[in-house]
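The structure appears below as structure tokens.
Along the sequence shown, the residues carry numbers beginning at 1.
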Amino acid sequence: MKLTPQSMEDFYGLNEKGPDGKPTAEATDRMKTYQAMLGIKANNCTCGGRVFPSAPCDVFRPPDPARKAAIEGHWSEPETMGKFYTDFITENPSAIADFRAANPKEFPPSGGPRFNKTNHLTPKSAGGCPDNPGNLQPHDTLCAACKLIDDQFGEWQNNNPGWRGKWNTAFRESRIKRWRVAGFTPSWW
């Protein structure tokens, strides 16, 4: 069975419409949060890490538990995690030193032989490229602002109905000024 690709906005419910053809209240809330996430990345990022998928690894598919389990099984293997660490450091030899210099108060990234966590920008549950470096980001090298964004995507992936409360609490604790990111519209939008 072939599954129809989706956009990120469709996968995360940002485009969900009600019977009247207008965005649902949930979609409106998620879109406002997504715009804030874009603003946080643009105005508060201190790491240069990636939290938003980009082509060619920005194809989302409807959730498929078997596909997700296969990708998770692959990524639970120490060889897979070690290879990604080695490849990433080879391609980005100063990444850890640069992160530490820019984020001295944050927990330092792993010194090897693997990262503590590797993020899939198009998530495993959406069939994101499991091994393409364009879809992978070491969580260890994300600043606090980017981890806030990544955590929110995780809440949406898990369909957590309490996501608003967690977002508001995490946002408040981040001390990011809401007025700086609310309704942010990037130049490409």
Side-chain angles (χ1 to χ4, degrees), residues 3 5-47 49-53 57-73 75-76 103 105-107 115-128 130 135-186 189:
L3 300 173
Q6 299 177 304
S7 69
M8 182 189 80
E9 292 80 3
D10 289 335
F11 181 81
Y12 287 118
L14 306 177
N15 292 335
E16 182 180 72
K17 305 275 191 252
D20 60 359
K22 294 181 180 177
T24 64
E26 177 77 6
T28 300
D29 285 352
R30 285 184 180 218
M31 183 55 83
K32 286 179 185 174
T33 301
Y34 177 63
Q35 284 185 282
M37 292 160 62
L38 291 169
I40 289 168
K41 179 66 177 162
N43 298 324
N44 301 92
C45 173
T46 59
C47 68
R50 297 172 304 125
V51 289
F52 300 105
C57 295
D58 61 345
V59 177
F60 288 70
R61 290 177 178 77
D64 179 338
R67 183 182 58 232
K68 180 183 177 191
I71 295 171
E72 287 176 342
W75 274 91
S76 68
N103 300 282
K105 295 182 181 178
E106 294 196 35
F107 192 77
F115 291 110
N116 294 310
K117 179 181 173 186
T118 300
N119 296 341
H120 291 71
L121 304 180
T122 297
K124 296 178 282 262
S125 61
N135 191 46
L136 304 173
Q137 169 66 46
H139 192 76
D140 300 29
T141 61
L142 292 180
C143 63
C146 287
K147 286 178 181 171
L148 175 68
I149 294 167
D150 179 66
D151 289 346
Q152 184 55 46
F153 278 131
E155 292 296 320
W156 287 343
Q157 288 164 33
N158 295 325
N159 292 314
N160 182 350
W163 71 266
R164 283 180 201 79
K166 286 189 172 193
W167 169 257
N168 288 330
T169 299
F171 189 88
R172 203 169 27 258
E173 289 172 356
S174 75
R175 298 199 164 137
I176 293 171
K177 304 290 186 218
R178 193 170 295 271
W179 62 269
R180 291 191 70 211
V181 299
F184 179 82
T185 304
W189 199 322

- [ ] Can you measure from CZ (Arg67) to OG (Ser125) and round to the nearest 0.5 angstrom?
- [x] 8.0 Å
Open item on the list: For the CZ atom of Arg50 and the CG atom of Asp150, what is their distance to the nearest 0.5 Å?
Closed with: 12.0 Å
TODO: Please list, chain by chain and in numerical order, all residues satisfying side chain to side chain donor-acceptor pair (under 3.5 Å) with Asp140, sequence neighbours excluded.
DONE: Asn116
Task: Partners passing side chain to side chain donor-acceptor pair (under 3.5 Å) against Gln137 (at least two apart in sequence or in another chain) - done: Thr141
Task: Note, Leu142 side chain near Asn119 side chain (heavy atom, < 4.5 Å) - done: yes
- [ ] Mind jotting down which residue pairs meet the salt bridge (charged side-chain N to carboxylate O under 4.0 Å, His left out) criterion with at least one end in residues 15-26? Sequence neighbours excluded, please.
- [x] Glu26-Arg30, Glu26-Arg164
Open item on the list: Would you say that Ile40 contacts Cys45 through its side chain, given a criterion of any heavy-atom pair below 4.5 Å between the two side chains?
Closed with: no
Task: Side-chain heavy-atom pair Leu121, Leu136 within 4.5 angstrom cut-off - done: no
Task: Counterpart residues, ring pair (Phe, Tyr, Trp, His ring centres under 6.0 Å), relative to His120 (two or more places apart) - done: Trp75
Task: Sequence-distant partners of Lys32, side chain to side chain contact (heavy atoms under 4.5 Å, CB included), two or more places apart - done: Thr28
- [ ] For Asp10, check salt bridge (charged side-chain N to carboxylate O under 4.0 Å, His left out) against everything at least two apart and list the hits.
- [x] none
Task: Which atom of Ile71 lies closest to which atom of Pro130, heavy atoms considered - done: CG2-CB, 4.0 Å
Open item on the list: Show the nearest heavy-atom pair for residues Ala145 and Asn44, with the distance to one decimal.
Closed with: CB-O, 3.7 Å
Open item on the list: For a 4.5 angstrom cut-off between non-hydrogen side-chain atoms, does Gln6 reach Arg61?
Closed with: no
Open item on the list: What I'd like to find out is whether the side chain of Thr122 reaches to under 4.5 Å of the side chain of Phe11, using heavy atoms alone.
Closed with: no
TODO: Report the residues that fulfil side chain to side chain contact (heavy atoms under 4.5 Å, CB included) with Asp58, sequence neighbours left out, ordered by chain and then residue number.
DONE: Pro53, Ala55
Open item on the list: Give me each pair satisfying salt bridge (charged side-chain N to carboxylate O under 4.0 Å, His left out) with a member in residues 34-46, each pair once, sequence neighbours excluded.
Closed with: none
Open item on the list: For Lys68, give me all partners under salt bridge (charged side-chain N to carboxylate O under 4.0 Å, His left out), at least two apart in sequence or on another chain.
Closed with: Glu72
Task: Side-chain heavy atoms of Trp167 within contact of Met37, under 4.5 Å - done: yes
TODO: List the atom of Ala27, the atom of Leu14, and the distance in Å for their closest heavy-atom pair.
DONE: CB-O, 3.7 Å
Task: Criterion side chain to side chain contact (heavy atoms under 4.5 Å, CB included) on Phe115 and His139, from CA distance to verdict - done: CA-CA 8 Å; Phe115 291 110; His139 192 76; over 6 Å; no
Open item on the list: My understanding is that only residues two or more places apart in sequence, or in another chain, count here; which of them pass salt bridge (charged side-chain N to carboxylate O under 4.0 Å, His left out) with Glu155?
Closed with: Lys166
Task: Side-chain heavy atoms of Glu106 within contact of Cys143, under 4.5 Å - done: yes
- [ ] I would like to know whether Tyr12 and Phe153 meet ring-ring contact (aromatic ring centres under 6.0 Å, His included); could you show each step before the answer?
- [x] CA-CA 8 Å; Tyr12 287 118; Phe153 278 131; 4.9 Å; yes
Task: Partners passing side chain to side chain contact (heavy atoms under 4.5 Å, CB included) against Arg172 (at least two apart in sequence or in another chain) - done: Asn168, Thr169
TODO: Measure the shortest side-chain to side-chain distance between Thr118 and Pro138 over non-hydrogen atoms and say whether it is less than 4.5 angstrom.
DONE: no
Task: Check against side chain to side chain contact (heavy atoms under 4.5 Å, CB included), Tyr34 and Met8 - done: CA-CA 11 Å; Tyr34 177 63; Met8 182 189 80; 3.1 Å; yes
Open item on the list: Measuring from atom OG1 of Thr24 to atom CE of Met31, what distance do you get when rounded to the nearest 0.5 angstrom?
Closed with: 11.0 Å
TODO: Go through the structure and list residues passing side chain to side chain contact (heavy atoms under 4.5 Å, CB included) with Asn158, not counting sequence neighbours.
DONE: none
